[in-house]
Student: 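To start, I am sharing the structure in question, which I have written as structure tokens.
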Amino acid sequence: MRRATDDVCSQITHLGGAGATHWKLPVEEVIRQIEAGEREFYVQRPIGDEVDLFVAVGPGKKKYLMTLADFDQPKTLLNLPSCFDS
């Protein structure tokens, strides 16, 4: 899910996926789980590659998510479709 804002790091509000069930988590919870070492997250690209997510720190020490394929903005995440509603 995304919110309308000029701050590209604040646009992504939730991450979601599908496996045995559909799931959706707030970005803050995903960041907490990554930093605590509880879970790893990744983006699966159309060609089947998995790209790991990591926590980056932006201006004002705001934490946000990026992939190893990104340089300065979370472009990989911003190019994904919005999460389903649940």
Side-chain angles (χ1 to χ4, degrees):
M1 274 186 150
R2 297 185 194 104
R3 74 170 59 111
T5 178
D6 289 334
D7 178 9
V8 79
C9 300
S10 296
Q11 288 182 8
I12 299 165
T13 61
H14 292 75
L15 290 182
T21 62
H22 287 103
W23 58 272
K24 182 169 72 172
L25 294 172
V27 166
E28 295 80 12
E29 177 61 16
V30 173
I31 289 171
R32 187 198 68 73
Q33 288 183 18
I34 291 171
E35 290 185 326
E38 295 174 9
R39 203 165 164 193
E40 295 179 354
F41 293 85
Y42 64 90
V43 173
Q44 189 167 17
R45 299 203 272 191
I47 56 175
D49 294 341
E50 293 179 359
V51 182
D52 291 333
L53 291 178
F54 68 94
V55 178
V57 181
K61 302 196 185 232
K62 177 168 176 49
K63 295 179 181 180
Y64 62 99
L65 296 169
M66 288 182 64
T67 71
L68 295 174
D70 298 322
F71 294 103
D72 59 349
Q73 296 180 0
K75 294 175 189 153
T76 302
L77 294 176
L78 289 171
N79 287 330
L80 292 172
S82 291
C83 291
F84 43 82
D85 293 325
S86 64

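The structure presented is a predicted model; accordingly, all values stated were derived computationally and were not measured.
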Student: If two hydrophobic side chains count as joined below 4.5 Å and joins carry through other members, does Y64 share a cluster with Y42?
Tutor: no
Student: Using 0.5 Å steps for rounding, measure from the CG atom of L53 to the CD1 atom of I31.
Tutor: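 It is 10.0 Å, given to the nearest 0.5 Å.
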Student: To the nearest 0.5 angstrom, please state how far the CD atom of Q33 sits from the CG atom of L15.
Tutor: 10.5 Å
Student: Please round to the nearest 0.5 Å and tell me the distance separating atom CG of D52 and atom CZ of F41.
Tutor: 11.5 Å
Student: What I want to find out is whether K63 reaches E28 closely enough, with some N-O distance under 4.0 Å, to be called a salt bridge.
Tutor: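 A salt bridge is absent here (no side-chain N lies under 4.0 Å from a carboxylate O).
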Student: Roughly how far, to the nearest 0.5 Å, is CZ of R39 from CD of E29?
Tutor: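 Reported value, rounded in 0.5 Å steps: 9.0 Å.
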Student: Compare every heavy atom of I12 with every heavy atom of V27, then report the nearest pair and how far apart it is.
Tutor: CG2-O, 3.4 Å
